[in-house]
Protein chains: 2
Amino acid sequence: MNHGKKRHNVVAEVVGDLFKGEFQAGQRLRVEFLAQRYGVSVTPIREALVELSGLGLVELKPNCGAVVRPFGPRQVLDICHLRQVLECEATRNACGRIAPFELAALEDELQKLIDAPRSRQWSADTKRLDSTLHELIAERCGNERLAHEISRYSVLYRILRDARHRRRTARANYSQMEENSEHLRVVQALVAGDAERASDAMADHIAKAAVALQHDLFAKKEIEADLAETFLESSQSTLAAVAK
Amino acid sequence: MNHGKKRHNVVAEVVGDLFKGEFQAGQRLRVEFLAQRYGVSVTPIREALVELSGLGLVELKPNCGAVVRPFGPRQVLDICHLRQVLECEATRNACGRIAPFELAALEDELQKLIDAPRSRQWSADTKRLDSTLHELIAERCGNERLAHEISRYSVLYRILRDARHRRRTARANYSQMEENSEHLRVVQALVAGDAERASDAMADHIAKAAVALQHDLFAKKEIEADLAETFLESSQSTLAAVAK
DNA sequence: CGGTTCAGGTTTGTATATAATTTGGAAAGG
DNA sequence: CCTTTCCAAATTATATACAAACCTGAACCG
């Protein structure tokens, strides 16, 4: 039943454990240890380590095995930064390549969600529309490779987001409410055919999501200096400069 | 002596064969076939396929093996586009984080190379400075992950560049001559602390390299429409818009 | 104290066996 | 003739055992 997906499962479990802080940075991951931990043989483990190395989560030294790379607030921010760069470019390029009726449908649904009362269903719909919009933009950006990279990062991001969701905080809910408005601004810019404004709206959306992630995943004191705020500000100043 | 690097070798050989057009798009790559072709056992092959999947060169379907993804002018352009996006962001962020004496040394060497006569040594120096500058910018961009992604793409790009070099054309030499001037403009902007100008210079540099690659790697008729020129123009119009 | 050597443990590669799954085509039915 | 169903061969995915190369760390020697 899960034949042919063991490697994938192992990758997901290791990523989860990494994000939960189960592994220390610099720790060596021995294949036999992992095999026993996850209840599979060493073959899928070895392949999973190659994949994790490609994701930049472990370093694979020849003849020396895998060591886990540092993972903390800084790395979460780096991931969000990459996501911002990739998705903004995709948004800029997707502008004009999405049919008006598709945008109209999205705009309609988003508007309804903004006015609708919060509920379990509302939360699920918000999540669904988030995926829909981001995937639509990636799919239509005209660069399959860019779409591929975005999908690579959405894997990481989704795990982070779910980890945050588990520690439901007031801020998380607040952030989810804002999400629909931020998405709406992106869609409206796309409708208007204004690529730069759409990209800026996307940058703003991802920057705000990054800040929320920082606050929810890590205790305040863990956050060095004010990395996250700096990220947001620099993002906004870029916007301001372009908007003239 | 080869121990611990077979997977890496297989990846390099498959990439080379892909770029040489040995494999058709959509073709299934059976592990046993590849094992025989490259003279290794199936384990390194499978691991190499996982890595190639991460590079986006093959698609890995569960229980169905690997199929090669399309590779042609469009894909080369996509690679260059990604490279442009990543390196421009790195350049913008690296601005102000590179010591003046390092920049001065680079500026000096570039200036000398521009004035120097062409020779085998000159060509080697040009290549060396190219790596030095791009690596320096990636290293100092303040985002390890961004640096990691750039390095991933430099692997692909370097193989493409070497493939072009094998088919030495007049255009290739001409393009290499321009390279030093383009690099110089990047360095000068960094010296001036002008992040946007540095990023724009980098965008221009990579766009021109992309166009040269297109013309050297593929016969004119193979190039659908005028993809490459479009890329260059859109890149320049973006620059123009930002420069106002 | 610094460098060398050596043994143990780990990774990497090879070989083989088994289970699960896909695939392609043949047979059956409409 | 076309569609569906089903089976068998091919292939992938996993497990396991083992040999060889290599790193690490510690004892050892100068």
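So that the names make sense, note that chain A is the first sequence line, chain B the second, and so on, each numbered from 1.
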(message) Taking A/R128 first and then A/D125, would you say they form a salt bridge - that is, a charged N and a carboxylate O separated by under 4.0 Å?
(response) yes

(message) Given 3.5 Å as the limit, does a donor-acceptor pair link the side chain of A/R152 with the main chain of A/H148, or not?
(response) no

(message) Treating A/S123 as the side-chain partner and A/S119 as the backbone partner, does any N or O pair qualify as donor plus acceptor under 3.5 Å?
(response) no

(request) Quick one, give me the B/S/- string for nucleotides 11-18 of chain D, reading 5' to 3', where B means a protein heavy atom under 4.0 Å from the base and S means that only happens at the primed atoms, P, OP1 or OP2. (result) SSBSBB--

(request) Please say whether the positively charged group of B/R83, taken as NZ for Lys or CZ for Arg, lies over the ring of B/Y153, i.e. under 6.0 angstrom from the six-membered ring centre and within 45 degrees of the axis. (result) no

(request) Quickly, which of B/R92, B/E89, B/E87 forms a side chain to side chain donor-acceptor pair (under 3.5 Å) with B/S199? Name it, please. (result) B/R92

(message) Tell me the interatomic distance from B/H8, atom NE2, to C/dT11, atom C1', rounded to whole angstroms.
(response) 17 Å

